[in-house]
Amino acid sequence: MHNTLTRVQNVFGFFTSVAFAVAAGIAMSVLLSPQAPSASLELKNVQVVKGRPHYYSTKREEYAHVKFDLDADLTSLFNWNTKQLYLSITASYPSSDPSTIPPSEAVIWDAIIPSDYAPLHPNTYIHPASKAKKSAKPKKKESGKPYPAGGSPGIVRLENQKPKYQITDVSGKIAKRGNATLSLHWNVQPWVGALVWTNKNSIGRWQGLQGGEAKFDFPPLKGTEVKKDDLKTETGGERNRGSPA
Amino acid sequence: MDQILEQARTIYEGEIDFKGQQLAELLTYALLTISGIIAFLAGFVTQNIYQTLYIGLGGTALTFLVVVPPWPYYNQNPQPWLPAKTGKSALDGVSIEVDGKKIS
């Protein structure tokens with residue numbers, strides 16, 4: 001402490017200790033904030049058609065196109081240490097031999113829902129306006145939010161939502177598979193601390209997810225009677241935004 | 001010239017006295033700890049982590065400002081030099097030997 005340089009080193013050294021301690025405190029403090037996430041996920045429509053993995057492919061595979069309704073209240077996942085929430089909906093179906101091979105799981109839709117304090121990023125989710133409000137002129141203030149008007153981060157209300165991804169199996173066959181499940185998953189991404197994935201059990205003040213699952217069966221293969229318009233996928237916020245045309 | 005260099009060295013090194021060093025150390029620990037606690041509480045109460053970040057950084061900046069420059073309050077108790085000895089008595093009690101020959 002006798003000269004300027006030593007004082008700079010001592011102050012900075014102790015600052016790093018304090019910063020680490022405060023960060024550790026923040027990371028632990030999320031355990032104190034109660035969580036009670038709930039969601040209602042329903043299958044709207046599922047169609048299986050033949051397709052190819054890319055334009056020049058000679059391989060023909062079966063693709064499933066799953067439409068769903070989602071009404072989720074995940075607001076309690078947003079506490080002061082939540083930067084963003086990664087949401088995904090997967091379709092999982094059992095393998096041919098469930099005793100040795102685990103079920104297959106494929107993501108059909110996903111979204112990054114930022115907290116109100118997160119800096120703007122072009123890849124984050126923009127919630128579609130509700131149908132009743134679509135006729136009215138969309139207010140500029142409300143457009144571009146990751147939650148419906150009047151909501152808060154964590155509210156997601158989707159009706160007859162198109163998937164983002166069409167799914168297929170490694171074998172190329174997905175029609176008529178039974179006992180499939182549509183389920184909601186999340187990953188809470190904090191400012192500091194640990195990533196937290198979907199939990200179904202109650203731990204301390206954190207309650208598990210209520211609902212967020214739907215059972216269904218993949219239907220038989222359909223031909224050209226399915227209109228191409230019905231097989232469109234949702235374009236996420238990440239498509240072509242923030243990148244050169 | 002020497003005087004200018006001496007002044008430059010004083011400014012650059014910014015030395016403080018012993019009492020001042022004790023005070024500087026105490027202030028470092030106290031200010032940083034308190035600003036850390038305030039930052040956490042302010043962020044937790046407002047549920048806005050940016051409060052924590054900016055109060056924490058602000059407190060650190062304040063600590064640097066308070067502790068680093070050799071402020072006058074760190075030099076209130078200068079350590080006095082021993083009085084200069086002059087004449088013959090200056091070498092009392094000091095023995096200097098050169099090539100085994102005692103000089104004084």
Side-chain angles (χ1 to χ4, degrees), chain A residues 1-35 74-85 113-121 147 152-154 188-196 205, chain B residues 8-71 73-75 77-79:
Chain A
M1 286 293 193
H2 66 285
N3 67 11
T4 307
L5 187 63
T6 344
R7 288 197 295 275
V8 170
Q9 287 175 331
N10 278 323
V11 172
F12 186 77
F14 190 59
F15 159 69
T16 57
S17 305
V18 170
F20 180 81
V22 171
I26 293 169
M28 300 306 286
S29 74
V30 298
L31 294 168
L32 296 175
S33 81
Q35 288 187 1
L74 308 173
T75 45
S76 57
L77 298 182
F78 283 86
N79 53 49
W80 76 310
N81 191 23
T82 306
K83 183 191 178 200
Q84 59 188 23
L85 182 69
I113 300 182
S115 97
D116 275 339
Y117 294 112
L120 285 175
H121 191 279
Y147 43 85
S152 64
V188 180
Q189 301 176 359
W191 293 106
V192 276
L195 297 169
V196 180
R205 292 186 162 201
Chain B
R9 194 195 69 86
T10 310
I11 292 167
Y12 163 72
E13 295 205 334
E15 286 175 341
I16 58 179
D17 64 42
F18 291 125
K19 280 270 164 66
Q21 291 176 34
Q22 205 177 22
L23 179 65
E25 192 170 320
L26 179 76
L27 281 176
T28 308
Y29 291 139
L31 286 175
L32 282 175
T33 308
I34 290 167
S35 70
I37 292 168
I38 290 175
F40 179 87
L41 290 178
F44 192 76
V45 168
T46 59
Q47 290 287 297
N48 181 356
I49 202 161
Y50 282 95
Q51 302 271 358
T52 305
L53 177 68
Y54 290 126
I55 292 174
L57 289 180
T60 308
L62 179 78
T63 312
F64 268 97
L65 195 71
V66 167
V67 172
V68 171
W71 296 113
Y73 50 79
Y74 290 132
N75 277 315
N77 304 288
Q79 196 67 21

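The figures here come from the full heavy-atom set of this structure, side chains too, leaving out hydrogens, waters and symmetry mates. Letters A, B, ... are given to chains in the order of the sequence lines, protein chains preceding strands, and every chain is numbered from 1. Quick caveat: nothing in here was measured; it's all calculated off a predicted structure.
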Counting heavy atoms not belonging to [X], are there more than 12 under 6.0 Å from its [atom1]?
X       : atom1 : result
B/Tyr54 : OH    : no
B/Phe18 : CZ    : no
A/Leu32 : CG    : yes

query: Non-hydrogen atoms of chain A under 4.5 Å away: do they reach the side chain of B/Thr52, the backbone, both or neither?
result: side chain
- request: Answer with side chain, backbone, both or neither: which region of B/Tyr50 has an atom nearer than 4.5 Å to a non-hydrogen atom of chain A?
  value: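 Answer is side chain: those atoms of B/Tyr50 sit under 4.5 Å from chain A.
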query: What part of A/Val18 is in contact with chain B, defined as an atom under 4.5 angstrom from a non-hydrogen atom: side chain, backbone, both or neither?
result: side chain
query: Taking all atoms of both residues into account, what is the closest heavy-atom pair of B/Asn48 and A/Tyr117, and its distance?
result: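 Distance-wise, the nearest heavy atoms are ND2-CE2, 3.5 Å.
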field: Residue pairs, two or more places apart or on separate chains, that pass side chain to side chain donor-acceptor pair (under 3.5 Å) and touch residues 10-24 of chain B
entry: B/Arg9-B/Glu13
task: Sorted by first residue and then second, give each side chain to side chain donor-acceptor pair (under 3.5 Å) pair with at least one member in residues 4-31 of chain A; sequence neighbours left out.
output: A/Asn3-A/Thr6, A/Ser29-A/Trp80
Proximal to chain A - members of residues 58-68 of chain B, heavy-atom separation under 4.5 Å: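 Heavy-atom contacts from residues 58-68 of chain B to chain A are B/Thr60, B/Thr63, B/Phe64, B/Val67, B/Val68.
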Could you list the donor-acceptor pairs under 3.5 angstrom formed between side-chain atoms of residues 25-33 of chain B and any protein atom two or more places apart in sequence or on another chain?
{"residue": "B/Thr28", "atom": "OG1", "partner": "B/Ala24", "partner atom": "O", "Å": "2.7"}
{"residue": "B/Thr33", "atom": "OG1", "partner": "B/Tyr29", "partner atom": "O", "Å": "2.5"}

